[in-house]
Amino acid sequence: MTRILMVCLGNICRSPLAQGVMEQRLRKTGLFRSVYVDSAGTQGYHVGESPDPRAVEAAARRGYDISVQRARRIRDGDFQSFDYILAMDHDNLHQLTARCPGPEVERLKLLMDFAPGPDAQEVPDPYYGGEDGFERALDLIEAAVDGLVLEIKAR
Ligand code: 4NP
């Protein structure tokens with residue numbers, strides 16, 4: 001089993017979208033039996049909450065259901081139990097790196113490292129902006145998740 005953890009700040013916008021897109025791709029490719037995906041936030045402001053309604057709606061427009069997800073904060077045990085820990089931006093990658101106990105730092109990457117083009121390194125935080133931030137986040141996440149699926153298939 002390959003285990004993947006998507007990480008953003010609050011676990012109510014970007015990482016739930018990344019989890020939802022990845023789950024759909026895993027079902028489509030039949031990889032859902034061998035790959036598990038979850039998400040978490042580096043901060044705990046929204047623990048136990050559903051994803052942001054704007055994220056739920058933007059996801060639903062593209063056929064992803066993220067409504068059943070609930071926010072949680074990263075736990076120390078995550079660094080051992082996940083093979084890929086993928087941050088949405090540099091700030092959250094730095095937070096993870098500071099907290100990570102040792103050789104597991106190799107598991108920490110940016111989600112956008114898996115996107116084919118060099119256009120973006122981060123999924124920008126859409127929380128304080130308008131609807132188009134969620135569409136942009138989904139465009140970036142879809143491109144990176146497709147690259148991630150190719151890498152996992154090749155393993
Ligand atoms: P996320 O977005 O990290 O993509 O879930 C945010 C959610 C909440 C906050 C900031 C970003 N906040 O400050 O509460």
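Numbering of ligands and ligand atoms starts at 1, following listing order. Start at 1 with the first residue, then count along the sequence. The figures that follow rest on heavy atoms only: side chains count, while hydrogens, waters and symmetry mates do not.
Summary of contacts: the protein heavy atom closest to atom 13 (O) of ligand 1 is Y128 OH, 3.1 Å. Annotation: atom 12 (N) of ligand 1 to nearest protein heavy atom, Y127 CE2, 3.6 Å. Scanning the protein for heavy atoms near atom 11 (C) of ligand 1, the closest one is D125 OD2, 3.1 Å.
Distances below 4.0 Å separate heavy atoms of C13 from the following atoms of ligand 1: 1 (P), 2 (O), 4 (O), 5 (O). Distances below 4.0 Å separate heavy atoms of C8 from the following atoms of ligand 1: 1 (P), 3 (O), 4 (O), 5 (O).
Atom CD of Q19 is separated from atom CG of L26 by 10.5 Å, given to the nearest 0.5 angstrom.
E104 places no side-chain N or O within 3.5 Å of a backbone atom of F79 that could act as its donor or acceptor partner. Judged purely by atom type and a 3.5 angstrom limit, Q95 has no side-chain atom pairing as donor or acceptor with the backbone of T42.
For ligand 1, the polar-atom distance check finds no N/O of Y45 at less than 3.5 Å from any of the ligand's N/O atoms. The N/O atoms of R14, backbone and side chain alike, include one that comes under 3.5 Å of an N/O atom in ligand 1.
Heavy atoms of other residues, nucleotides or ligands lying less than 6.0 angstrom from CD of Q121 number 12 at most.
Residue contacts with ligand 1, taken as heavy atom pairs separated by less than 4.0 Å, involve L9 via backbone and side-chain atoms alike. Of the heavy atoms in H46, only side-chain atoms (C-beta onward) come closer than 4.0 Å to ligand 1. Here N11 has backbone heavy atoms under 4.0 Å from ligand 1, and that is the only part of it that gets that close.
Shown here for A55 and L17, the closest heavy-atom pair between the two residues is O-CD2, 3.6 Å.
With contacts defined as side-chain heavy-atom distances shorter than 4.5 Å, the pair R25/D146 qualifies.
Under the 6.0 Å distance and 45° angle rule, R54 counts as a cation-pi partner of Y127.
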